[in-house]
Protein chains: 2
Amino acid sequence: MNNTPKVPIPTLERLATYFRYLADLRSMAVETISSTEVEKQTGINAAQFRKDLSYFGEFGKPGVGYNIVDLQNRIAQILRIDRDQHVIVLGAGNLGSALAGYPGLREQGFNIVAVFDASEQKIGQSLFGLAVKDIARLREENNRLQARIAVIAVPASAAQGVADLAVASGVRALMNFAPTILKVPDKIVVRNVSFLQELAVLSYHLTADAQK
Amino acid sequence: MNNTPKVPIPTLERLATYFRYLADLRSMAVETISSTEVEKQTGINAAQFRKDLSYFGEFGKPGVGYNIVDLQNRIAQILRIDRDQHVIVLGAGNLGSALAGYPGLREQGFNIVAVFDASEQKIGQSLFGLAVKDIARLREENNRLQARIAVIAVPASAAQGVADLAVASGVRALMNFAPTILKVPDKIVVRNVSFLQELAVLSYHLTADAQK
DNA sequence: TAGATTGTTAATCGATTAACAATC
DNA sequence: TAGATTGTTAATCGATTAACAATC
């Protein structure tokens, strides 16, 4: 029984943007906002904004707009960031360490509960108050931690193995920083973050004849 | 005179993926590859692959496939990663430091030439062999460095100011890690990397009724 | 009530994929 | 030549945006 009519990924991404934007408005003690005002300030088309929300219900009042606090709460519910989400970081290199210490995540309800690594030197070290754990013990540890989201921050050569281990340990969603295509079971969601891809797009647009 | 018929962004992103994938094949001493083989190994539709390349010319031989070395070189040319691209990192916090030390970038032709920060304590420190420079001197420094790509790794509150400074210093492409919407002149390209967005999409898909 | 703004339908735009003639 | 695979056109799919009746 599936009543939500398949929400586009871009809509979910924008929802996260709205959430943050609403937090800013909230701190400025604004009460309501209209979709045209959203467009002015974020550049996201007003119809787009209304359409995005329409996948999940009715949130505004015709003639008035949207109550900021209410809307932010509803978006938090939709994205399941109204509760704390346990996240584990796999790989305690530069990137894994940076993520473990990134304050923005916890603020938004993503709670990094453990960091794992394979290196003898790193295991046991403290990283922003978290002890680095042996990745060989991921399964036992996650049995206790119950994290469903994992961040893969290991070298490309190790990424598939780590992903397999994560899936076997009950993880259902992966944020993958390794520049490699992961093979995972159908039920598992993967988001690839590729610095190389981003830079390549930028680099392409630097060329003279790529100008619009 | 614009002969390239507006290339979709997803095509450029996939081009970066092909580039890396071809590097792997190359190290395995494979000579040629067909689009169906690409589909099998990467999951990217064979027609998609051919279409992506078709924006830039003809690269394959009917009945044979694509020469791996040639194709990789051509893609490098298209993305301008055949030459070294100078990149500056703005912000020497956890994330900026991690990026400065990320080996994958240099391998792909992205050469981090300097790191800038505003903090007294950080200026002058060494980061993976690079001295952290005073961001107040960005303009003079980049006059010499001539970087056209900048990575913004500062807190959201500082991001717009840093972006303005970068643009005034000759930067034309921005990779923005700050969770904020940057206002920049039309000519400037921005790619936003939002960990929050990624995690929100994952988080949403953990819910039972989000299953396809 | 008149003015503003919503939620939604329909039109548009753009990207993906299937099909196939051309070609090695 | 027969078989394989390209490059490209046309069909499909999906996302964005404009338009507007409903409603505060």
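Sequence lines set the chain letters: A, B, ... in the order given, protein chains first and strands last, and positions in each chain run from 1.
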- Gap between atoms CD and P, on B:E13 and C:dT16 respectively (whole Å): 10 Å
- To the nearest 0.5 Å, tell me how far B:L196 CG sits from A:T17 OG1. 9.0 Å
- Measure from the side-chain N and O atoms of A:D117 to the backbone N and O of A:A92, and report whether any donor-acceptor pair falls under 3.5 Å. yes
- salt bridge (charged side-chain N to carboxylate O under 4.0 Å, His left out): which pairs involve residues 52-79 of chain B, sequence neighbours left out? B:R14-B:D52
- Check the pair B:F195 / A:F177 against ring-ring contact (aromatic ring centres under 6.0 Å, His included), numbers first and verdict last. CA-CA 11 Å; B:F195 298 155; A:F177 284 91; 5.5 Å; yes
- Item | Between D:dT5 (C1') and B:F49 (CZ): distance, integer Å | 12 Å
- Whole angstrom value for the distance that separates C1' of C:dA4 from CD of A:E37: 13 Å
- For the pair made of CD1 in B:I33 and P in D:dT5, what is the distance, rounded to whole Å? 10 Å
Output a table of nitrogen or oxygen pairs between the protein and nucleotides 12-15 of chain D separated by less than 3.5 Å.
none

- Query: Nearest 0.5 Å, what's the CD-CD1 distance between B:E39 and B:I44?
  - Reply: 9.5 Å
- Task: In whole angstrom, give the distance that lies between atom CG of A:L53 and atom C1' of D:dT16.
- Result: 15 Å
- side-chain contact (heavy atoms from CB on, under 4.5 Å) partners of B:R83, counting only residues at least two apart: B:R80
- Item | B:L25: side-chain contact (heavy atoms from CB on, under 4.5 Å) partners, not counting sequence neighbours | B:Y21, B:L22, B:V30, B:I33, B:Q41, B:I68
- Scan for salt bridge (charged side-chain N to carboxylate O under 4.0 Å, His left out) pairs involving residues 17-29 of chain B, sequence neighbours excluded, and state none if there are none. B:R20-B:D24
- Qualifying residue, where the test is side chain to side chain contact (heavy atoms under 4.5 Å, CB included) with A:I112 and the options are A:V151, A:L105, A:L127, A:I149: A:L105
- Query: Distance-only, no hydrogens or angles: does the B:N142 side chain make a donor-acceptor pair with backbone N or O of B:S169 under 3.5 Å?
  - Reply: yes
- What residues in residues 58-69 of chain A put a non-hydrogen atom under 4.0 Å from any atom of DNA chain D? A:K61, A:P62, A:G63
- Mind calculating the distance between CZ (B:R50) and P (D:dG7) to the nearest angstrom? 8 Å
- Can you tell me the distance, in whole Å, between the NZ atom of B:K51 and the P atom of D:dA10? 11 Å
- Task: Applying ring-ring contact (aromatic ring centres under 6.0 Å, His included), name anything that partners B:F116, two or more places apart in sequence or on another chain.
- Result: none
- Task: Provide the full list of ring-ring contact (aromatic ring centres under 6.0 Å, His included) pairs with a residue in residues 79-101 of chain B, sequence neighbours left out, each pair given once.
- Result: none
- Query: Under 4.0 Å between a side-chain N or O of B:S35 and OP1 or OP2 of D:dT6?
  - Reply: yes
- Secondary-structure string, 5' to 3', Watson-Crick or G-U under 3.5 Å, | for another-strand partners, for DNA chain C: ..||||||||||||||||||||||
- Query: Have B:R148 and B:Q146 got a donor and an acceptor in their side chains that come within less than 3.5 Å?
  - Reply: yes
- Atom CD of A:Q77: over 12 foreign heavy atoms under 6.0 Å: yes
- Query: Would you find a donor on one side and an acceptor on the other, under 3.5 Å apart, between the side chain of B:S203 and the backbone of A:L79?
  - Reply: yes
- Query: What are the residues of residues 40-47 of chain B, sorted by number, that bring a heavy atom to within less than 4.0 Å of DNA chain C?
  - Reply: B:N45, B:A47
- For DNA chain C, what residues of residues 189-200 of chain B have any heavy atom nearer than 4.0 Å? none
- Message: List the residues meeting side-chain contact (heavy atoms from CB on, under 4.5 Å) with A:E107, not counting sequence neighbours, and say none if there are none.
- Response: A:P103
- Between atom CG in B:L15 and atom P in C:dT16, what is the gap in whole Å? 13 Å
